[in-house]
Amino acid sequence: MNKIITIDGPAASGKGTLARELAEALGYAYMDTGALYRAVGYEVLQAGGDPEDEADALKGCRILAAKLGKDGIPVLSNPDLRMERNGDAASKVAIIQSVRDALLDIQRNFADNPGDKYKGAVLDGRDIGTVICPDAPLKLYITASDEIRAQRRMKELHSKGISVTKSAVLEDMRARDARDKARKVAPMRPAEDAIVIDTSVLDAGQVLETALKYVSETLA
Ligand code: DC
């Protein structure tokens, strides 16, 4: 069986940090699938389109596919993708089934063929354990309280020189979570066989340690 670790969960739960560190520790390739949706949202906004419009969103997918074909995965490291407005646009394009279909193969191909120098793949997102890699041998679902997540996101934005209040962050985050959970296609939820880790009272090192314990039990 392919060595694939899926990590799902809401915004600012710590899933991205865990996915990156886990990939590094294990020599696995890492894909931040939220960055794919953010990149589509970004392309739609750049073109002056509406992220809720299917034709605009599909045009965004085509632009992204062309960029990925030319420059590969590094396209997803564009720091502009981290901006809140692109996160919001991402959550809107993510509701559209045809957008999810357009991004499906990119994610599955990555999971199945991470490259010779890697021993496996870690993907983080919202539907990796449920839709993208339902047969993965290890599925984690990372959560934390709303307050803690808003605090973390605020710190992250402040460190980038972006000034925001905690209540504004909390409001944006709740709106995005509600949209991600309520959508009909591939809603955010733990797979039935996922292990849930609540990171509210854990630091990044403790989360990694917990995850590595599950890795050694399932993938060793
Ligand atoms: O993980 P993130 O905050 O960067 O994701 C941005 C948005 O993209 C998120 O609000 C919903 C969408 N998304 C998704 O629908 N499915 C994924 N696998 C990853 C992200």
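For the single chain, residues carry numbers from 1 onward in sequence order. Just so we're clear, the structure is a prediction, and the values are computed from it rather than from any experiment. Just follow the structure's listing: the first ligand is 1, and inside any ligand the first atom is 1.
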Does atom CD of E217 have more than 12 heavy-atom neighbours from other groups under 6.0 Å away?
yes
Can you list the steps and then say if K139 with D8 is a salt bridge (Lys or Arg N to Asp or Glu O under 4.0 Å)?
CA-CA 8 Å; K139 300 178 184 177; D8 292 300; over 6 Å; no
R179-S91 side chain donor-acceptor pair, cut-off 3.5 Å:
yes
Min N/O separation R183 to ligand 1 under 3.5 Å:
yes
Ligand 1 versus K15: contacting region, heavy-atom distance under 4.0 Å
side chain
Find out if a path of hydrophobic residues (ILVMFWY) with successive side-chain heavy-atom gaps under 4.5 Å connects L123 to L208.
no
Run down the list E84, R176, R126 and name the one with the heavy atom closest to atom 17 (C) of ligand 1.
R126
Looking only at distance, does D127 have an N or O less than 3.5 Å from an N or O of ligand 1?
yes
For atom 16 (N) of ligand 1, closest protein heavy-atom neighbour:
R100 NH2, 3.0 Å
Indicate yes or no: does an N/O atom of D124 lie under 3.5 Å from an N/O atom of ligand 1?
no
Got a donor-acceptor contact below 3.5 angstrom from the R149 side chain to the S13 backbone?
no
When you measure from atom 8 (O) of ligand 1 to every protein heavy atom, which one gives the shortest distance, and what is it?
Y37 CB, 3.4 Å
So which protein heavy atom does atom 12 (C) of ligand 1 come closest to, and at what separation?
A94 CB, 3.8 Å
Taking N or O atoms only and a 3.5 Å limit, does T33 qualify as a polar contact for ligand 1?
yes
So, D124 and R20, do they make that salt bridge, N to O below 4.0 Å?
no
Heavy atom of the protein closest to atom 7 (C) of ligand 1 (residue, atom name, distance):
A90 CB, 3.6 Å
Is the NZ atom of K181 crowded by more than 12 outside heavy atoms at less than 6.0 Å?
no
Between V122 and Y37, is there shared hydrophobic-cluster membership here, with clusters defined by ILVMFWY side-chain heavy atoms closer than 4.5 Å?
no
Out of G34, A175, G87, indicate the one that has the non-hydrogen atom closest to atom 20 (C) of ligand 1.
G34
Side chain, backbone, both or neither: R38 near ligand 1, heavy atoms under 4.0 Å:
side chain
